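Following: one structure in structure tokens, then a few remarks.
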Amino acid sequence: MNIKALRDQFPIFTRARTSAHSFVYLDNAATTQKPRCVIDSISDFYSTSNANVHRGLYHAAEQATILYEASRAAVAQFINAEKASEIVFTKGATEAINLVANSWGKSQLKAGDVILLSQVEHHANLLPWLELARDKRLTIRYIPYDQTTKKLTIINLDLTDVKLLAVQHTSNVLGNVWDHDFANLIALIRAINHIGGAVLLDAAQSIAHLPIDVQDLDVDFLTFSGHKMYGPTGIGVLYAKSIRHDELQPYQVGGSMIYHVSYQAATWAAMPHLLEAGTPPISSAIGLHAAIDFMQKNISFSALAIHETMLCQQLITGLKKMPGMHLATTEEQSAHQHVVSFYHDAIHAHDFASFLGEQNIAVRAGNHCAQPLIDLLGVPALVRISVAAYTTTHDIDAALSALAAAINHLGSIQFSLS
Ligand code: PLP
């Protein structure tokens, strides 16, 4: 993997190089930057073939439909779905998870059924289930997070009455919370498969970092956002396995998702149109296709794991030298990581983030849409640095120097990294 050649494809970095301030972007878990091919694909679509999909009988409309459906096929191939009809385009991972809760959970779960979540979920994979549980009198059970091992504990889990397992593949706060090769996640999925439960895997954080094969994982639902994998905002994906299609009810009703409508009633179209009411995010879907092509041409997942783990280790080594600094994420060399979260005894996370922000170094601070986890950790907030394929050792050095300067400046502590 040629990091320099890959990075050169991102206008935001090449522009920054020629301006007075370089841009050190370390907030990739929030969203990734976009390569030129993704930006161009959207502009080309609007310049050459803009039209609505699945309706017009003129050339541009046919071309728009071809491009939109080609994106669906590319997504299916990217995650090894069996059929393109298993891919539903949504606004993002949040909408995809809400869609499962409303389209599948409302009709398939009944009072007393158990949903198994983990203690480290993003609000997007917590709140839809809390709402559904309240409406339908379901029980939520949590896989405990062990703060010593910094892993989820799956031994002795009570699986009685579990009808749905809904968990993150990797955490936006802690990275890999399963074991190194995800064997315990797979074991848990198999156990749920065995008792006839459904599995939803929230791949929002893993989709740009790990190869995903939905047939191999054997999940019923998989959700992710295009904007965290070098694609545009406004597009996400719900993978829904074919055998679940008969269990899905429309989430929204309107144009495009019907078979027949009268003044009294309607019948619905088959998947994936059943869950795509109204005009879909056509240009964003086309941009997502370009992002998948970009990843397939430029990124090898095995080389990426080595690159990102190396960057995280560089960061962890530097952070450990800083007085008063504590790591929330694992220090394990072998764990695949793309995020490192930390806090300081005396300096608030937001103060670090704004100190770095003044130097055009983008990191994130706060509760990271995981308030229950932050409460569990007993910290007011965390600083999070997250890397991507284009992140360099220079970026990490810049962040470490700025963090050291922040401690000297804000904490009135004198120390040096070397
Ligand atoms: N799940 C996880 C693990 C996330 O990190 C995020 C966003 O950060 C989401 C779900 C929601 O993604 P989006 O905001 O793109 O809908």
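Every number for a ligand or one of its atoms is a count from 1 in the order of the listing. No experiment lies behind these values; they were computed from the predicted model shown. Values below: every heavy atom of this structure, side chains too, minus hydrogens, waters and symmetry copies.
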Margin query: Test ring pair (Phe, Tyr, Trp, His ring centres under 6.0 Å) on Phe10 and Phe294; report intermediate values, then the result.
Written below: CA-CA 11 Å; Phe10 288 75; Phe294 166 81; 5.5 Å; yes
Check: For Lys228 and ligand 1, does the shortest N/O to N/O distance drop below 3.5 Å?
Finding: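 Min N/O separation from ligand 1 is below 3.5 Å for Lys228.
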Notebook entry, point to check: Would you say Gln205 and ligand 1 have an N/O pair spaced under 3.5 Å apart?
Noted result: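 It does: an N or O of Gln205 is found under 3.5 Å from an N or O of ligand 1.
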Notebook entry, point to check: Taking atom 16 (O) of ligand 1 as the point of reference, which of Asp202, Val173, Thr94, Val167 owns the nearest heavy atom?
Noted result: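 Answer by nearest heavy atom: Thr94.
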Margin query: Heavy atom to atom 12 (O) of ligand 1, shortest distance: which of Ser206, Gly236, Ser225, Ala370 holds it?
Written below: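 Going through Ser206, Gly236, Ser225, Ala370 one by one, Ser225 has the nearest heavy atom to atom 12 (O) of ligand 1.
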Notebook entry, point to check: Are Phe221 and Tyr239 near enough that their ring centres are under 6.0 Å apart?
Noted result: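 Aromatic pair excluded; centres sit 6.0 Å or further apart.
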Item checked: Proximity of Phe342 and His326 rings by center, below 6.0 Å ->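 When the ring centroids of Phe342 and His326 are compared, they turn out to be at least 6.0 Å apart.
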Check: Do we see a donor-acceptor contact under 3.5 Å between the side chains of Asn102 and Gln249?
Finding: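 No pair is found: no donor N or O on one side chain lies under 3.5 Å from an acceptor on the other.
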Notebook entry, point to check: Of the protein's non-hydrogen atoms, which lies at the shortest distance from atom 4 (C) of ligand 1, and what is that distance?
Noted result: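 The answer is His122 CD2, 3.3 Å.
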Checklist line | Contact with ligand 1 for His227, non-hydrogen, under 4.0 angstrom | finding: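 For ligand 1, residue contact (heavy atoms, under 4.0 Å) with His227 is present.
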Item checked: Per-atom contacts of ligand 1 with Ala124, taking only distances under 4.0 Å to non-hydrogen atoms ->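 Near Ala124, the atoms of ligand 1 are 10 (C), 11 (C).
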Notebook entry, point to check: Do the non-hydrogen side-chain atoms of Ile186 and Leu217 ever get within less than 4.5 Å of each other?
Noted result: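 Contact flag for Ile186/Leu217 side chains = yes.
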Check: Are side-chain heavy atoms of Val199 and Val167 found at a separation under 4.5 Å?
Finding: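 Not in contact.
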Check: Counting only heavy atoms, which portion of Ala93 has something under 4.0 Å from ligand 1: side chain, backbone, both, or neither?
Finding: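 Both parts.
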